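The figures that follow rest on heavy atoms only: side chains count, while hydrogens, waters and symmetry mates do not. This structure is a prediction, so every number in the text was calculated from the model and none was measured. Throughout, a chain's letter reflects where its sequence line sits, starting with A, and its residues are numbered from 1.
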Amino acid sequence: MTRARELLARATNPTATVFILLVLVFAAVFAMNPGFFAGPSLMAFLKQAAPLVILAAGQYFVIVSGNFDLSVGALVGAQVVIAARLIDGEESRTVPVLIVMALFGIAVGLVNGLITTALKVQSFITTLGMLLVLYGAIRLWTGGAPTGSLSEAFRVPGRMGIEDVPVLGQIPWALLIMVALGAGAVLLMRTRFGRILLAAGDNERAAALSGARVDTARTLAFVLSGLSATVAGVLIGGFAGVSAQVGDGLEFTVITAVVLGGVVLGGGRGSVLAAMAGALVIEGLFTLFNQMALPATLRPAVQGAIIIAAVAYAARARARPVPTATATPTPS
Amino acid sequence: MTGPLLAMRGIDKAFLGVPVLSAVDLTMEPGEVHALVGENGAGKSTLMKILAGVHTADAGTIELDGRAVSFTHPLQAQQAGVASVFQEFNLLPELTVAENVHLGREPKRRMLIDRRAMTESTAAVLADLGVEDLSPAAKVGTLSVAHQQITEIAKALSQGADLICMDEPTAALADAEVELLYRLIGRLRERGTAVLYVSHRLKEIFDLCDRITVLKDGRLVDTTAAADITPDDLVAKMVGRRIEAQFPDRLPGTETGEVRLRITGGGNDRVDAIDLEVRAGEIVGLAGLQGSGRTEIAEAVFGIAPFTRGSIEVDGAPIRITKPRKAINAGIALVTEDRKAQGLALRQSVRANARMVLDANARVHSRARLARVSGLLSSLDLVARGEDQEVRFLSGGNQQKVVVAKWLAAEPGIIVLDEPTRGIDVGAKHKLYSVIRELAAEGLAVLLIASELIEVIGLADRIAVLHDGRIAAELPGGATEQQVMAYATGRGPE
């Protein structure tokens, strides 16, 4: 009885669902355009999808620990603008500026984390505030429009790759970075830190009473999110160049991706691999839209519908009574 | 008036199929102060909540003033003249006394609230109660607990209550405030308002009450005039049961060794003057009624709500335990009372939960200990589909075994068990009893807290009995339930 229920729970488990969706979306893409899976076209798709996948991994850490990070879109935008302004076309400044960007990403994550954990401000509010602060500060600093330009070296990771590979053509650096960071994220979740993050998102009190540094773990999750936004900023800046709109609305796309991956808002559930798969599903959907010649302006509405549907699907799974063999009434 | 004010007859109630009350009768006269007593879990609160409309009885009748009533909502009870003062007050702290007293029934004049009428009628109720030092304009959040309680009672009277239920009304009061409550109840009696008084404290019951109804395991034992029964007989009626031979004996080779945990003069805002020693190989029981400070001692030792006075020594070394991490690093484990809220991450696997303490504490973590977790789980006879199964799918008993495993994985020297057998099946209970004996045999110091006295008596080598946040007595393991209850209810030696 319990076993049957559990098998059912596993089959309709939101984490498993995302991989089914992944197959369906790409089957549809293939049906519309059989040439999509040719090496170069697939590589181009993955190059473009890499930033979202990396952001999804970063966001996963925050969500699984029971919080949100709405500031990533603004942070991506800020990083690109900072890079352009500080590098200003000078090749020699590339590495120092990358270091500055990494520090800035860490700092933003640290501030988000400390405000949320130490000051007990809900992360929704903390990171919404951070979003606005970054948005406003960058515009103040640049006087409205981004100035300066990126160096060639800076644009390599987002644009270039290992060239002239048989069948595939170019293997983009972005893809390799995505795979490396994705593997790192999966491994990180298998460490003590990862398990504490999950436990804290599931039952903060039980984790704390077991001696876990819940606040520290959650703050580190925000730092990881800040770093993922930094890497995503480098890739997006390299790929698409500088504009005032970089990163706009990206936070919602990322959260949609993670939620689609079956990572339940509120924490404690879902895998980082599924979150990254969620990002690929979203990118696949956007590709599908392009192929169907649907207007890109439709995207936000679709994302909204996906968020609601995914959360409702997870809630339905959660509303099912927890089967335990013995009920524990506690009349007193 | 003819006939009783209240007649509850044949009341049955079950939660999730577990009977909590069966065939309980209760009658009350106008102006009567009626005590409802019994051990933890006897069904007192449930009966009171049925009367207050919080729960609905499965069977039985309730008559008020000769009219049959059936409450499905607290408001209906309120309108019928039954008011309740629970331990948690239903007051809005940002409003004044007068606003709280009239909440939802504010006097109006030309569509607007008539503040003056509200203040005056509140002042009248307070004067009627003989309360002089409480202003209707005071903000409730700034009042003492006693004054908040008076506000609740004034609210009840202003709603026209003929019967007021009070659940442990003195639990949070200082001695001087208890005097005030005594006077208030005397005043209610003169007015003809009946009071149903739920309390563990025998002195108050005999001081205040006209009649006493004793419940035990959800059944009516007796209703008697307070003048016709001695405190000893009352305790015997409340306990009235023999210890069954269900507890494993002390294992051979268990040696009582050095003092592992010593509390000297421990105190905070919940407990005071706690002196307690637990030696290696010893099981010390903490007995006491709900709210007597048992859990508070556990939480202080574990650093959740530390002692603010006194000192703690672990293995002879003084230590300040300000948070759970420090307790864990000092080799202390706490199996908490509420395993679902405090013990387990229910959506995580058996393995993840069993490793949680090791994962969370670098100083406790080791590969050797991790490797032993599986063996530990099977030595506890855990029944699960595998270590990957989420703990929410396990039975209560098996969940508790996972909690015990997660603490034993850290190889503590001192283990505190707060209600370890609550809500678990008999088989798992027996297993846990044996485990507790084995831990003592291995030289752990065990501090055992249990509501069910037979558990403490059946397992502990020594029993510290708590009353009102203090240790009222330390009894040897073979003490009787009557002896323990005598101290637990604050009556002192036989």
> So which residues of residues 105-121 of chain A are in contact with chain B at a heavy-atom cut-off of under 4.5 Å?
Replying inline: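 So far as heavy atoms go, nothing in residues 105-121 of chain A approaches chain B to under 4.5 Å.
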> If you check every heavy atom in residues 188-201 of chain A against those of chain B, which residues fall under 4.5 Å?
Replying inline: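 Listed by number: A/Arg192, A/Arg195, A/Ile196, A/Leu198, A/Ala199.
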Who among [options] has the most heavy-atom pairs with chain A under 4.5 Å?
options                                : value
B/Asp359, B/Val357, B/Val364           : B/Asp359
B/Ala327, B/Gly303, B/Ala352, B/Ala362 : B/Ala362
B/Lys13, B/Arg355, B/Lys406, B/His55   : B/Arg355
B/Met356, B/Lys326, B/Lys323           : B/Met356

Nearest-0.5 Å distance, [atom1] of residue [X] to [atom2] of residue [Y]:
X        : Y        : atom1 : atom2 : answer
A/Leu209 : B/Ile304 : CG    : CD1   : 4.5 Å
A/Asp202 : B/Arg392 : CG    : CZ    : 9.5 Å
B/Asn353 : A/Ser210 : CG    : OG    : 8.0 Å

> Taking the side chain from A/Asn203 and the backbone from B/Gly343, do they hold a donor-acceptor pair closer than 3.5 Å?
Replying inline: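 Absent.
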>> Less than 4.5 Å to any heavy atom of chain A: does that hold for the side chain of B/Leu334, its backbone, both, or neither?
In response: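 Looking at B/Leu334, nothing touches chain A.
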> In terms of heavy-atom proximity below 4.5 Å to chain A, should B/Leu344 be classed as side chain, backbone, both, or neither?
Replying inline: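 Interface part for B/Leu344: backbone (N, CA, C, O).
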>> Ignoring hydrogens, what is the shortest heavy-atom contact between B/Pro324 and A/Ala208? Give both atom names and the distance.
In response: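 Result for this residue pair: CB-O, 4.0 Å.
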> So with a 6.0 Å cut-off around CZ of A/Arg213, is the heavy-atom count from everything else above 12?
Replying inline: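 Open.
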>> Surrounding CZ of B/Arg219 (heavy atoms of other residues, nucleotides or ligands, distance under 6.0 Å), is the total greater than 12?
In response: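 Atom CZ in B/Arg219 is not packed in, count stays at 12 or less.
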